[in-house]
K.L.:
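Next up is a structure, given as structure tokens.
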Amino acid sequence: MPELPEVETTLRGVSPHVKGQKVIAVCVRQPRLRWPVPDDLQMLQGEVIESLQRRAKYLLLNTKKGTVIIHLGMSGSLRICAQETEPGKHDHVDIVLDNSKLLRLCDPRRFGSVLWAQNVNKHPLLRNLGPEPLSEVFSANYLYEKSRNRKVNIKSFIMNAQVVVGVGNIYASESLYMAGINPKNLAGRISLKRYEKLVFSIKTVLSLAIEQGGTTLRDFVSADGQTGYFQLKLSVYGRTGEACPKCQTPIKQITQGQRSTYYCTVCQK
DNA sequence: ATGCTAACCTGCGCGC
DNA sequence: TGCGCGCAGGTTAGCA
């Protein structure tokens with residue numbers, strides 16, 4: 001799935017086509033996503049989508065009556081289509097607009113979700129999220145204080161959405177590499193100085209990826225249905241056995257929290 | 001409270 | 001060709 005940069009890119013891609021449009025119909029071909037698509041999503045019909053925003057990896061479509069909450073899971077993507085475009089096998093939900101277009105969710109693995117909330121700020125999935133990584137409140141001091149007495153490894157720690165949102169498996173490895181921190185280090189035993197480096201690295205890596213339109217991966221298709229995004233150069237992710245860009249040592253792959261981690265045993269201490 | 005595991009799905013590339 | 005296996009960008013519930 002999309003990591004945060006892809007979600008942000010999707011938001012920017014679909015917004016011009018969706019903002020200010022009235023919803024003509026909501027078509028759910030497959031309601032069995034990560035959570036069942038609720039019947040009250042039909043509340044959306046007839047409403048105007050007044051604004052769109054991103055919170056963590058959730059896309060929010062705001063109307064006067066409530067908010068559509070969309071998550072792309074591991075393999076989801078959103079596209080703007082002409083209304084007559086035939087849906088494919090994994091095109092599960094359409095939001096039909098009054099500009100002769102529709103917003104279409106494709107999600108082969110169905111780990112994504114489409115939900116409806118009257119009051120999005122009270123929604124259980126959004127209520128306990130940590131700060132946005134690119135905001136001011138996400139600082140070295142914040143991470144340092146938050147991590148005291150925590151015995152979890154630093155990679156799992158920064159991937160915890162209660163700590164900070166939007167750091168996925170690719171950019172967790174990349175950020176730790178840039179900061180020179182061994183992913184196995186315990187979060188509670190990392191110095192403020194090193195957290196300064198890590199926060200800078202997370203912000204830099206994510207910003208660069210957003211700038212480049214999101215890292216292109218297997219299932220990601222841009223909001224316009226194009227595949228033309230060029231790829232952000234990844235230093236360690238998916239590069240098991242390849243030479244570290246800085247010291248040429250082969251990149252090591254380990255498993256943490258059921259996910260693959262990639263790092264350099266020499267550059268990351 | 002914290003940390004760990006299983007679970008939700010489909011598709012793809014690999015070795016045999 | 002075909003088959004079985006392992007792996008893949010996320011996140012939550014439930015348990016110790």
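Keep in mind it's a predicted model, so treat the numbers as computed, not measured.
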K.L.:
Do other residues, nucleotides or ligands put more than 12 heavy atoms under 6.0 Å from the CZ atom of A:R29?
P.N.:
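Counting neighbours around CZ of A:R29, more than 12 heavy atoms of other residues, nucleotides or ligands fall under 6.0 Å, so yes.
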
K.L.:
Just by distance, no angles: are the side chains of A:S100 and A:Q83 close enough, under 3.5 Å, to form a donor-acceptor pair?
P.N.:
no

K.L.:
B:dC9, C:dT11, C:dG9: which one has an atom nearest the side-chain heavy atoms of A:R32?
P.N.:
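Looking only at side-chain atoms, A:R32 lies closest to B:dC9.
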
K.L.:
Figure out the NZ/P separation between A:K57 and C:dG9, and round it to whole Å.
P.N.:
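So the NZ-P distance, A:K57 to C:dG9, works out to 10 Å.
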
K.L.:
Without decimals, in angstroms, what is the distance between A:L206 CG and C:dG9 P?
P.N.:
16 Å

K.L.:
Between C:dC7 and B:dT5, how far apart are the two P atoms, rounded to whole Å?
P.N.:
16 Å

K.L.:
For A:F111 and B:dC9, say yes or no: do the ring centres fall under 5.5 Å of each other while the ring planes differ by less than 30°?
P.N.:
no

K.L.:
Under 4.0 Å from OP1 or OP2 of C:dG9: is there any side-chain N or O of A:S75 that close?
P.N.:
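Indeed not, no polar side-chain atom of A:S75 lies that close.
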
K.L.:
Mind checking if A:L33 touches a base, just sugar-phosphate, or nothing, with heavy atoms under 4.0 Å?
P.N.:
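Since no nucleic acid heavy atom lies under 4.0 Å of A:L33, the category is nothing.
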
K.L.:
Could you tell me how far apart A:K146 (NZ) and B:dG3 (P) are, to the nearest whole angstrom?
P.N.:
12 Å

K.L.:
Taking only the side-chain nitrogens and oxygens of A:H90, find out if one of them lies under 4.0 Å from OP1 or OP2 of B:dC9.
P.N.:
no

K.L.:
Tell me: CD of A:Q162 to C1' of B:dA1, nearest whole Å?
P.N.:
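To the nearest whole Å, that distance equals 11 Å.
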
K.L.:
Look at the side chain of A:E6 and decide which nucleotide, out of B:dC9, B:dA7, C:dG9, has an atom nearest to it.
P.N.:
C:dG9

K.L.:
Round to the nearest Å and state the distance from A:Q258 atom CD to C:dG10 atom P.
P.N.:
13 Å

K.L.:
Given the ring of A:Y177, does A:K246 sit roughly above its face, with NZ or CZ under 6.0 Å from the centre of the six-membered ring and within 45° of the axis?
P.N.:
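Because its charged atom sits under 6.0 Å from the ring centre and within 45° of the axis, A:K246 does stack over A:Y177.
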
K.L.:
Indicate, with a heavy-atom threshold strictly under 4.0 Å, whether A:R110 touches base, sugar-phosphate, or nothing.
P.N.:
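Contact class for A:R110: sugar-phosphate only.
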
K.L.:
Looking at A:Y262, does any N or O in its side chain come under 4.0 Å of the phosphate oxygens OP1/OP2 on C:dA8?
P.N.:
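Answer yes for this pair, as a side-chain N or O of A:Y262 is under 4.0 Å from OP1 or OP2.
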
K.L.:
With respect to the side chain of A:S260, which nucleotide from C:dA8, B:dG11, C:dT11 is positioned closest?
P.N.:
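Closest nucleotide among those given: C:dA8.
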
K.L.:
Going by side-chain hydrogen bond (donor to acceptor under 3.5 Å, both in side chains), A:T261 matches just one of A:K184, A:K252, A:Q256. Which one?
P.N.:
A:Q256

K.L.:
Whole angstrom is fine here: how far is it from CD in A:E8 over to C1' in C:dG9?
P.N.:
17 Å

K.L.:
Applying the Watson-Crick and G-U wobble criteria at under 3.5 Å, what pairs with B:dC9? Answer none if nothing qualifies.
P.N.:
none

K.L.:
Verify the contact: side-chain N or O of A:R259 to OP1 or OP2 of C:dC7, cut-off strictly under 4.0 Å; return yes or no.
P.N.:
no

K.L.:
Are OP1 or OP2 of B:dT10 and a side-chain N or O of A:K89 less than 4.0 angstrom apart?
P.N.:
no

K.L.:
Searching all strands shown, indicate the nucleotide that pairs with C:dC15 (Watson-Crick or G-U wobble; both distances under 3.5 Å).
P.N.:
B:dG3

K.L.:
Would you verify whether the NZ or CZ of A:R148 falls within 45 degrees of the ring axis of A:Y144 while also being under 6.0 Å from that six-membered ring's centre?
P.N.:
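Yes, A:R148 and A:Y144 form such a contact.
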
K.L.:
Taking any heavy-atom pair under 4.0 Å as a contact, classify A:F157: base, sugar-phosphate, or nothing.
P.N.:
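If one applies the 4.0 Å heavy-atom cut-off, A:F157 turns out to touch nothing in the nucleic acid.
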
K.L.:
Look through every strand shown and name the nucleotide pairing with C:dG9 as Watson-Crick or G-U wobble, where both distances are under 3.5 Å.
P.N.:
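Across all strands, not a single nucleotide pairs with C:dG9.
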
K.L.:
Applying side chain to side chain contact (heavy atoms under 4.5 Å, CB included) to A:L234 and A:E174, what does each step give before you reach the verdict?
P.N.:
CA-CA 7 Å; A:L234 300 176; A:E174 293 296 312; 3.7 Å; yes

K.L.:
Give one of base, sugar-phosphate or nothing for A:S156, where a contact means two heavy atoms less than 4.0 Å apart.
P.N.:
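No contact at all - A:S156 keeps every heavy atom at 4.0 Å or more from the nucleic acid.
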
K.L.:
What integer number of Å spans the P atoms of C:dG14 and B:dC9?
P.N.:
16 Å

K.L.:
Whole angstroms only, please: what is the CZ-P distance between A:R109 and C:dA8?
P.N.:
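About 10 Å, once rounded to whole Å.
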
K.L.:
In terms of side-chain heavy atoms, does A:K155 have a donor or acceptor partner in A:N169 at a distance below 3.5 Å?
P.N.:
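A:N169 and A:K155 do have a side-chain donor-acceptor pair below 3.5 Å.
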
K.L.:
For a quick check, tell me whether the side chain of A:R150 and the base of B:dT2 share a donor-acceptor pair closer than 3.5 Å.
P.N.:
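Result: no qualifying N/O pair found.
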
K.L.:
Between A:D107 (CG) and C:dA8 (P), how many Å, whole number?
P.N.:
18 Å

